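To start, the structure under review is shown below, and the notes come after it.
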Amino acid sequence: MPLCPNDMRYTKLISSYAKGKVLQEENGQFKSHLGVHASMSTSPLLRSILPGLETMVLSIALAAVLLLLVYAAKFRRKTQLPLPPGPKGLPFIGSYLSIPKNAEWITYHKWCKDFNTDILHVNFAGTPLIILDSYEAVNELLDKRSATFSDRPQYTMQSELMGLDFNFAFMRYGQQKLRRLMHQHFHAGASSMLRPHSLKASRNLLYRFLDNPHDVIANLRHMAGETIMALAYGLQVQKYDDPFISTAEKAVYTLLNAASPGKYLVDTFPVLKYVPEWVPGAGFKKKAKECRKLARDMLVLPYIAAKRNIVSGLSSILSNIEFPQLIGVCSPLPKANGHPGGCFTSKCLERLENAGGTAYFSEDTIQCDAGTMYTVSAIGSCILGLLENPHVVRRAQEELDKVVKPGQLPNFEDQSSLPYITAIAKESLRWRDVVPIGRFLPLQLSDFTSDELLAVPRKLLAKEEYKGYRLPAGSIVIPNAWAILHNEETYPEPFKFNPDRFMTAEGNLDDAIFDPERACWGFGRRICPGRHLALDAIWINIASILSVFNVEKAIDGAGNVESTSTGTNSSQSRKNSVPKPYKCSITPRSKEARELIRASATWESLDEEP
Ligand code: HEM
């Protein structure tokens, strides 16, 4: 029976329709669950209101779907793990403005304390930074899960524009061949074969201190340069003002400075790399060109000299040897005791030969050059610590005087008998840890000094979980070595230079104390391959300096003790890893010591010794 608008059943039909109850069309008629048939043809009013009803239904359905989606998203968020705790930051830029330009490791550590966590998430303008603030976290992630945590972030400025993509430290994970080459030259056994070079450079350092006692950092830099030129190229440097050392120094500092990841806008917006050099604001292109040239000079100039030495047979060892035989004799190190023999350059010549003469320089040396500068930093900081703690100098000299025979300088063979010197070396690596952090430098940095040395952070290759937190793939992972090495529970009074903390009451090294070496060289598969060489250099230089010199604060013309504050980059405020030049008094302990120093210096290449 047809419905009319006044019929009660009509009203019910409309309301059931509006409630979304199903109406089925049957032969042009609508059937409700009430069993009422409504003929369209017989209800013009119904016909006129139905389109509105359809829209209403659609809207309701849409709203329901939206609600469902929101609920699902909420549900997913609930079931998905949260990010590690961290500052909330502002919309879009996150905590970009809150990350300080300098000593950011202190801020990260403070945030970790505030959030009571050892893993922190910081939103850096959309990029997740994951800060690891304890040894436990670093060990679990960077050491044990090295496969996903060993990649390095890539930056347009350093890799594409400056052409530093050859630098091992900046390379993406997976360069096993290069890593093997580094390992062959610098693993513990091989490094012990490099000791004659470190020993020679340390003897010559003593001589330079005798001649020029005030310029501590310059003397240390020369020592580091001397070692690396010998190891990397088999070259003997000049006594003073060596051109290869000064080129390398300038290059390393400029490159590390300019290559600081994220420093340039082009790192964030790689499309800027296409901007021509003459466009105002494109100064980074000029800088990149300058750095490219510096890197080339640094690598190629000593390389050419080394090759000339080899080919012209200048050295007594190298003369009359055909090219294939030259491999492995560029430095005097034979293939023995686990060392592959030769210097880096000889290995690179080998590769050059294999590659049919394609230019291939000793690129790996750039990292070695940088590494030896880290050594300067460690010894420079050590001397600062000694200046503030004369009792440490006294105790070290007592130990040295008992062990080292009169008329001799300390040697590596004395190492096991000189635990206090080892404790000083450990404390130097801890106190002003040279590489406090795998640094991710924000765009705002513009005030770099040429003294800054940086480590490079990691990039997470795949998503991970830790302590119930979600670590997104692509996150920048920053191990806070500074926090580990200044943990009050591990090291009471952590900002005090106190080598005694590593000693037992009986005067031995205390194995129960957390060894700073577990954090200062980095972690996992990207751990510093030069660590054995570096530790040897630090140890022998500290031992040698203390055995023949008194190290004291300098006295100015008016008889006042000079402050060492210019060299003191306090851990609370510093931004540099390398101490700034500082003055101190380094004087021979006796007339005999002076003579011993003069007699022990050697200016000839080790290659040329009979
Ligand atoms: C006191 C001296 C030194 C310190 C404190 C130091 C520290 C470090 C640190 C913290 C890293 C980063 C590791 C990581 O990402 O976990 C590193 C990497 C590296 N270091 Fe050293 N280093 C020193 C000396 C040297 C020396 C003398 C050499 C070379 C002969 C060297 C070669 C390298 C190389 C090639 C890398 C890159 C490794 C990679 O990315 O796989 N370092 N170093």
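Scope of the values below: all heavy atoms of this structure, side chains included, with no hydrogens, waters or symmetry mates. In listed order, ligands and their atoms are each counted from 1. This one's a predicted model, so the numbers in the text were calculated from it and none came from an experiment. Quick note: residue numbers are just sequence positions, from 1.
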F497 vs R432 side-chain heavy atoms within contact, under 4.5 Å: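 A side-chain contact under 4.5 Å is absent here.
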Do ligand 1 and R525 have nitrogen or oxygen atoms that lie under 3.5 Å from each other?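 Such a contact does not occur with ligand 1.
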What about the rings of H486 and F495, do their centers lie closer together than 6.0 Å?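 Here the rings of F495 and H486 have centres that are less than 6.0 Å from each other.
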Can you tell which of P516, S381, C528 gets a heavy atom nearest to atom 22 (N) of ligand 1?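 Of the listed residues, C528 has the closest heavy atom.
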Which ligand 1 atoms does [X] reach within 4.0 Å, using its non-hydrogen atoms?
| X | result |
| --- | --- |
| C520 | 5 (C), 7 (C), 10 (C) |
| R152 | 14 (C), 15 (O), 39 (C), 40 (O) |
| A534 | 2 (C), 24 (C) |
| L533 | 30 (C) |
| T375 | 1 (C), 2 (C) |

Salt bridge (Lys or Arg N to Asp or Glu O under 4.0 Å) with D500: which residues, sequence neighbours excluded?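 For D500, the residues satisfying salt bridge (Lys or Arg N to Asp or Glu O under 4.0 Å) (neighbours in sequence not counted) are R395.
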Just jot down the salt bridge (Lys or Arg N to Asp or Glu O under 4.0 Å) partners of K144, sequence neighbours excluded, or say none.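 Result, salt bridge (Lys or Arg N to Asp or Glu O under 4.0 Å) vs K144: E140.
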Mark yes or no for whether R430, through its side chain, and Y491, through its backbone, hold a donor-acceptor pair below 3.5 Å.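 Not a single qualifying donor-acceptor pair exists.
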Side chain, backbone, both or neither: which applies to M171 and ligand 1 if a contact is any heavy-atom pair less than 4.0 Å apart?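 It is neither; nothing of M171 touches ligand 1.
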Please classify the R531 to ligand 1 contact at 4.0 Å (heavy-atom distances, strictly less than): side chain, backbone, both or neither.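 The answer is neither; R531 stays 4.0 Å or more away.
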NZ or CZ of R526 within 45° of Y173 ring axis and under 6.0 Å: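 Not flagged: R526 not positioned over aromatic ring of Y173.
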Identify whether NZ of Lys or CZ of Arg in R458 sits under 6.0 Å from the centre of the six-membered ring of F149 and within 45° of that ring's axis.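 No.
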